[in-house]
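Step one of this worksheet: look at the structure below.
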Amino acid sequence: MLKDKIKKWMKIPMYIYKGWKISTKLFMLFSVMAVSIFIALQWQNYLISRDAVEERAAESARMATFQANQYLDSYYDNIKTILLMISSQKNLLESPDVNETLKRDAQYSAQLVKTLYVATADGHVYCSNELVYGILGNDQIQRIAEIARRGYSGITLEGPYYTPISSHTVAFFIPIFQGGSYRGTVIAEASIDSLYQNLMLWLPGPGRSFVLTNSDGADVCYDQSGSVLPYQAATVPAQIQPAFRELLRKNPTGTGSIQYDGRRYLVTHTTDNRLNWNLYLIVDSAKANPESQKVFANFLLSVGLGVLFILALTFAISYFFTNPIRRFALKMNSFTQLDQLPIVAVDRNDEVGQLEKSYNSMLLRIQQLIEKQKQTEKLKSRYEFKMLQSQITPHFLYNTLACINSLARQHREAEISGTIRALVGLLSFSFDRQAEFIPLREELKGLQMYVDIQRIRYGPIFEVETDVPPEVLDFQIPKLTLQPILENALFHGVVPKQKDGRIRVRIRKRNSLLIVAVTDNGVGFSGDAQAVLSGTDRDPEEDRRFNHVGLSNIHNRIRLYYGEQYGLRIRGKAGVGTVVKLVFPTVPDKKNNPLFSSSKRP
């Protein structure tokens with residue numbers, strides 16, 4: 001199920017990606033790649049710079065801890081000297097002025113020692129602050145004396161612990177042996193406040209703090225005044241959070257880093273002192289190193305400016321590569337008319353230029369093919385027309401000669417002569433292959449001869465009326481244009497009616513157009529005009545009639561000669577009649593006919 005959901009959700013970005021243009025895809029691809037590489041490099045530079053800044057901070061921390069350890073060694077040596085000096089005094093324990101001696105020595109070493117004690121083997125305790133001791137006491141002294149009795153003769157540390165006299169302190173002590181027997185212990189409770197104040201001179205700084213613990217991890221002192229260490233809430237004095245203390249305890253000696261509560265700390269851990277104490281110098285990276293913050297700010301600024309520059313550059317590159325293709329596509333889309341091929345100006349030598357050259361070559365080939373097709377269509381129409389001119393079928397000659405024979409038996413010589421003259425004239429008109437375009441007056445003469453023959457054949461069942469103004473008689477029209485239209489009106493309209501047939505031929509000039517309308521009052525037309533003009537409803541029986549060039553042939557010839565906007569229009573109604581309208585441009589004479597030069601036989 002999860003796999004199917006993943007596939008389903010993956011289809012959404014793929015669908016969006018497929019809808020992008022090439023320029024958008026290039027822009028996104030280059031942008032993502034360049035921005036990713038740039039950010040990775042900048043991040044690497046940032047890490048290197050940050051590490052360099054932190055290395056300088058770590059070096060400063062190591063120097064500070066080195067000096068602090070030297071101070072701790074000196075601190076230890078001074079306390080050791082005090083203890084040795086007191087313990088080496090002869091007859092110290094027999095003197096009645098032990099308290100005064102301790103008081104004097106404590107005052108002398110007040111920067112190091114808070115309180116001095118001498119605990120004798122018999123359990124008596126002398127103190128440098130005898131009055132306070134007599135009131136408050138110190139239960140740690142006898143415990144430490146017992147440790148010294150069981151220990152060795154060197155100086156030993158105990159604590160840290162808390163006493164009412166010395167507060168938070170650490171005890172340094174040395175046993176006194178005389179004659180091989182234990183006589184007592186000299187104890188010095190160190191002044192942790194003084195130690196803290198001196199360490200504050202060496203260790204803290206901007207964004208720095210410290211923690212000093214004994215070898216067991218117990219706090220000797222730590223910075224309670226700064227904002228670097230994470231303290232527990234509502235504690236007096238401030239206590240370090242246990243989780244952070246545990247991270248410090250696990251941190252090995254040397255310089256390292258820890259992450260806590262969203263902050264990064266540099267920690268320098270050292271035990272290089274004779275006390276064997278753990279000294280931690282903690283540096284808050286964000287606070288202690290303004291340079292680190294500046295490096296990060298520079299990183300963000302450089303990334304922002306770099307990303308903007310990369311986006312602008314990739315957009316320019318994408319536009320540079322895709323704009324020629326886009327302009328080329330627009331020019332290709334302008335290819336809507338076959339007689340106006342949009343040749344592209346080639347001003348490049350790259351792949352786009354080669355594509356434009358190939359496109360121009362293709363257009364030239366298309367133009368040549370179009371011209372060749374036009375010439376082929378013209379030749380086809382001309383040869384078809386010549387062939388149809390020759391189609392004087394036996395059926396038509398039989399009917400015409402039968403009429404003449406009938407007239408001869410009736411001794412109607414005048415009608416015989418007229419019929420023969422009309423037949424000869426019509427044959428001569430049809431067989432004249434020298435001209436494909438003729439004046440309108442000649443077309444009307446041929447039309448009249450055809451009407452005369454048909455009137456002799458069918459008698460007075462129809463009349464033909466012509467309405468032609470004299471100013472259009474010299475206009476050039478394609479030969480055998482009117483006769484097929486009148487033939488269609490006669491055979492399909494008037495003859496089936498058998499009486500009172502009327503065919504009217506009306507010709508007018510309207511602006512630059514010549515409009516011919518052939519109207520009949522026959523049985524009417526109720527079929528598909530488009531099928532008639534396309535020739536798909538042609539009846540083979542009709543082809544046996546004389547010179548049936550056909551309406552579709554006339555329609556196609558005119559469109560071929562003059563254009564798609566010209567040709568025939570048919571409108572009719574059953575029982576009322578039919579109107580066939582012919583529209584083509586006016587051509588006054590042969591010189592102005594653009595097709596006349598090609599109308600003769602080669």
Side-chain angles (χ1 to χ4, degrees), residues 337 339-340 374 377-378 381 385 429 435-448 450-451 462-490 492-494 501-522 524-535 549-573 576-599:
Q337 297 182 357
D339 56 344
Q340 295 180 357
K374 286 183 178 180
E377 291 294 332
K378 290 179 182 179
S381 177
F385 177 69
F429 176 74
E436 190 172 340
F437 290 85
I438 60 174
L440 180 58
R441 66 174 71 251
E442 294 184 15
E443 179 73 12
L444 291 174
K445 289 180 181 179
L447 183 65
Q448 185 60 48
Y450 176 78
V451 170
F462 72 93
E463 293 292 335
V464 176
E465 176 186 347
T466 58
D467 182 5
V468 182
E471 61 269 17
V472 301
L473 293 176
D474 291 327
F475 287 144
Q476 298 284 320
I477 66 171
K479 188 178 180 180
L480 288 177
T481 300
L482 301 182
Q483 180 264 319
I485 299 175
L486 189 139
E487 178 185 9
N488 185 78
L490 179 63
H492 295 282
V494 173
R502 184 181 301 110
I503 300 174
R504 184 184 184 192
V505 180
R506 186 174 182 270
I507 302 176
R508 290 291 186 270
K509 178 180 179 296
R510 184 178 301 168
N511 297 327
S512 60
L513 299 178
L514 189 63
I515 301 175
V516 179
V518 179
T519 307
D520 69 76
N521 64 345
F525 172 75
S526 59
D528 186 355
Q530 189 64 33
V532 173
L533 296 179
S534 63
V549 178
L551 298 184
S552 64
N553 182 270
I554 297 173
H555 179 68
N556 292 330
R557 285 170 59 208
I558 293 175
R559 286 162 61 90
L560 179 64
Y561 291 151
Y562 300 109
E564 299 290 328
Q565 66 271 35
Y566 304 104
L568 294 181
R569 309 288 187 270
I570 301 176
R571 186 174 71 252
K573 185 176 182 181
V576 177
T578 305
V579 178
V580 178
K581 183 180 290 186
L582 175 61
V583 181
F584 52 108
T586 58
V587 181
D589 53 41
K590 294 181 180 180
K591 294 181 180 180
N592 293 324
N593 190 339
L595 301 171
F596 179 72
S597 59
S598 62
S599 64

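The residues of the chain are indexed from 1 along the displayed sequence.
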If I take atom [atom1] from residue [X] and atom [atom2] from residue [Y], how far apart are they, to the nearest 0.5 angstrom?
X: His555; Y: Leu568; atom1: NE2; atom2: CG; value: 6.5 Å
X: Thr578; Y: Ile485; atom1: OG1; atom2: CD1; value: 12.5 Å
X: Glu465; Y: Arg506; atom1: CD; atom2: CZ; value: 10.5 Å
X: Asn488; Y: Asp520; atom1: CG; atom2: CG; value: 8.0 Å
X: Leu480; Y: Arg557; atom1: CG; atom2: CZ; value: 7.0 Å
X: Ile477; Y: Glu442; atom1: CD1; atom2: CD; value: 10.0 Å

Flag yes if more than 12 heavy atoms outside [X] fall under 6.0 Å of its [atom1] atom; otherwise flag no.
X: Arg559; atom1: CZ; value: yes
X: Lys573; atom1: NZ; value: no
X: Asn511; atom1: CG; value: no

Tell me the closest heavy-atom pair linking [X] and [Y], and the distance in Å.
X: Val583; Y: Ile558; value: O-CG2, 4.0 Å
X: Gly501; Y: Val494; value: CA-CG1, 3.5 Å
X: Phe584; Y: Tyr566; value: CA-CD2, 3.6 Å
X: Glu487; Y: Tyr450; value: CG-OH, 3.2 Å
X: Glu443; Y: Thr481; value: OE2-N, 2.8 Å

**Verdict with supporting geometry, Val472 and Arg508, side chain to side chain contact (heavy atoms under 4.5 Å, CB included)** = CA-CA 8 Å; Val472 301; Arg508 290 291 186 270; over 6 Å; no
**Request:** Applying side chain to side chain contact (heavy atoms under 4.5 Å, CB included), run through Arg569 and Arg571 and close with a yes or a no.
**Result:** CA-CA 7 Å; Arg569 309 288 187 270; Arg571 186 174 71 252; over 6 Å; no
**Prompt:** Under 4.5 Å between any side-chain heavy atoms of Leu582 and Val518, yes or no?
**Reply:** no
**CA sep, side-chain torsions, deciding dist, call: Val451, Leu490, side chain to side chain contact (heavy atoms under 4.5 Å, CB included)** = CA-CA 9 Å; Val451 170; Leu490 179 63; over 6 Å; no
